[in-house]
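So the structure is just underneath, and the comments pick up after that.
Computed from a predicted model, the values in this text were never measured in an experiment. Basis for what follows: all heavy atoms, side chains included, without hydrogens, waters or symmetry-related copies.
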Amino acid sequence: MPERKKTSKTKNKISDVKKENKTLQEQEKTNEIEENLFKEEVDLKESSIMDDKIKKNSYLKNMFQTIILICACICIIYGLYTLFFKKDDNKTTNNKQYEQGIQLKEVNVLYSYISDTFLSSPFHETSELTLSEIDENVLFDELIISKKFNEETYESLGCVDYDQPCKVGEIQYDEALSELKRRYGNVNLTRDNYSYGLMTCNKTDNKYECYITLGGIESPINNVSNMTNYIETDGKLEIYDKYFTYELLDNVQCYTDNSRTELCNNQEQLQNDLNKLTKEQLLDKYGKEYVHTFIKDLDGNYYWYSSKPTNSN
């Protein structure tokens, strides 16, 4: 009996070992399956990453090829445009620049060369004026005005000896001649002295020294003018203005020219109108229209060429 019992125990142990082996085998299979699944998952991820890289590389390659193609098309189009249309385009640009023309501020500077002064307005006469009809003293007067010498007084200059001329300033001969040529064309300065009102400019050592003296009476002459329009065509500039002059005497006298030979219309109303109307209204009613022509020199700068009434032949 004892031996049989031992055998039964042995069988039980064998059975347990088999069970354990079976369990281990099953566990190994399970582990193997899990390991395979993990590998498959890793492989899928790696494959996905590789696909993404391939797609990105393909996208970048396509984009780069597209950019090259666009640049090539642009170069071809620009080349054709330059070949067939560039010259015409340049002409259009030049025409636009010419159409824009001279600016108003430049016209105002040119108009200042012939604008009226307190003493006279020599560019407003009954017939056409050119350089040959203009006295060189008149042109020198315009230079004095541009230097603002005419605005100086004994008080502003600090002069205390009222019995002696007071020096206003000086102008180099070469500078004066160059400036006048630039404004009025082929000007000559042939005199040793020029006068403007109570001012005299004397030539000394290749320069003009200008002095002012006391005396005289206030001028009763008043000049009224204003630019109304300007037209630029083919190297020529025409500036239009209106002008009249009047004398403040017992009876106001109004004229439409600087020499005071042509009377204004309806001037019997001028006395009242001077206190009521604006400058523009006065010119519309009493002024006469003039045209001042400027021509371009070889350097492309405008200089005064002529002045005349618009109704003259």
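No continuous path of ILVMFWY side-chain contacts below 4.5 Å connects Tyr255 to Tyr246, so the two sit in separate hydrophobic clusters. Tyr305 and Tyr111 fall into different hydrophobic clusters, where Ile, Leu, Val, Met, Phe, Trp and Tyr residues are linked whenever their side-chain heavy atoms come under 4.5 Å apart, directly or through other members. Val160 and Val168 sit in two unconnected hydrophobic clusters of ILVMFWY residues. Membership requires side-chain heavy atoms under 4.5 Å apart, directly or through other members. Cluster annotation: Leu110 and Tyr303 are assigned to distinct hydrophobic clusters (Ile/Leu/Val/Met/Phe/Trp/Tyr, side-chain heavy-atom contacts under 4.5 Å, transitive). Using a 4.5 Å cut-off between side-chain heavy atoms of Ile, Leu, Val, Met, Phe, Trp and Tyr, with links allowed through other members, Ile134 and Ile145 fall into the same hydrophobic cluster.
Atoms OG1 and NZ, on Thr126 and Lys308 in that order, are 13.0 Å from each other to the nearest 0.5 Å. Atom CD of Glu268 is separated from atom SG of Cys254 by 10.5 Å, given to the nearest 0.5 angstrom. One finds the SG atom of Cys159 at 9.0 Å from the CG atom of Leu214 (value rounded to the nearest 0.5 Å). Note that SG of Cys166 is 9.5 Å distant from CD of Glu155, once rounded to the nearest 0.5 Å. Put simply, CG on Asp234 and CD1 on Ile295 are 10.5 Å apart, with the number rounded to the nearest 0.5 Å. Rounded to the nearest 0.5 Å, atoms CG (Leu180) and CD1 (Ile171) are 8.5 Å apart.
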**OP:** Starting from the C-alpha separation in whole Å, work towards a yes-or-no answer on side chain to side chain contact (heavy atoms under 4.5 Å, CB included) for Glu280 and Asn226.
**Re:** CA-CA 8 Å; Glu280 288 74 18; Asn226 197 37; 3.8 Å; yes
Subject >> side chain to side chain contact (heavy atoms under 4.5 Å, CB included) evaluation trace for His292 with His124 >> reply: CA-CA 9 Å; His292 310 278; His124 297 90; 3.5 Å; yes
Original post:
Checking side chain to side chain contact (heavy atoms under 4.5 Å, CB included) for the pair Thr200/Thr213: CA distance, chi angles, key distance, verdict?
Top reply: CA-CA 9 Å; Thr200 301; Thr213 57; over 6 Å; no
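Judged purely by atom type and a 3.5 angstrom limit, Thr245 uses its side chain to pair as donor or acceptor with the backbone of Asn222. Side-chain atoms of Asp297 come within 3.5 Å of backbone atoms of Asp299 as a donor-acceptor pair (strictly under, hydrogens ignored). Put simply, the side chain of Asp273 never gets that close to the backbone of Leu277: no donor and acceptor are under 3.5 Å apart. When atom types are taken as modelled, the side chain of Asn229 and the backbone of Tyr240 share no donor-acceptor pair closer than 3.5 angstrom. A donor-acceptor pair is defined here as one N or O able to donate and one able to accept, closer than 3.5 Å; no such pair exists between the side chain of Glu151 and the backbone of Lys148. Glu152 places no side-chain N or O within 3.5 Å of a backbone atom of Phe149 that could act as its donor or acceptor partner.
A 4.5 Å side-chain heavy-atom check between Val107 and Tyr302 finds every atom pair outside the cut-off. No side-chain heavy atom of Val252 sits less than 4.5 Å from a side-chain heavy atom of Gln267. Within the 4.5 Å cutoff, the side chain of Ile212 has heavy atoms near those of the Leu157 side chain. Glu238 has its side chain within reach of Thr293: a pair of non-hydrogen atoms, C-beta onward, lies under 4.5 Å apart. Ile144 is listed as a side-chain neighbour of Cys201, based on a closest heavy-atom distance under 4.5 Å. By the 4.5 Å heavy-atom criterion applied to side chains, Gln164 and Tyr211 are not counted as neighbours. In this structure the side chain of Arg191 reaches within 4.5 angstrom of the side chain of Glu136, judged on heavy atoms. Inter-residue side-chain proximity for Tyr290 and Thr310 is flagged as unmet; no heavy-atom pair is nearer than 4.5 Å.
Side chains of Glu175 and Ser178: no donor on one and acceptor on the other come within 3.5 Å. Between the side chains of Lys181 and Asn186, a donor-acceptor pair is found at a separation under 3.5 Å. In this structure, a donor-acceptor pair under 3.5 Å is absent between the side chains of Asp141 and Tyr194. A side-chain donor from one of Asn258 and Glu125 sits under 3.5 Å from a side-chain acceptor of the other.
Partners of Glu289 under the salt bridge (Lys or Arg N to Asp or Glu O under 4.0 Å) rule, at least two apart in sequence or in another chain, do not exist in this structure. Checked against ring-ring contact (aromatic ring centres under 6.0 Å, His included), Tyr154 has the following partners two or more places apart in sequence or in another chain: Tyr162.
Using cut-offs of 30° and 60° on the angle between ring planes, the pair Trp304 and Tyr184 is perpendicular.
Across all non-hydrogen atoms, the minimal contact from Asp241 to Met227 is CB-CA, 3.8 Å.
For Asn265, the CG atom sits in a loose shell: 12 or fewer heavy atoms of surrounding residues, nucleotides or ligands are nearer than 6.0 Å. For Asn206, the CG atom sits in a packed shell: over 12 heavy atoms of surrounding residues, nucleotides or ligands are nearer than 6.0 Å.
In summary, the aromatic rings of Phe140 and Tyr208 are positioned with their centroids under 6.0 Å apart.
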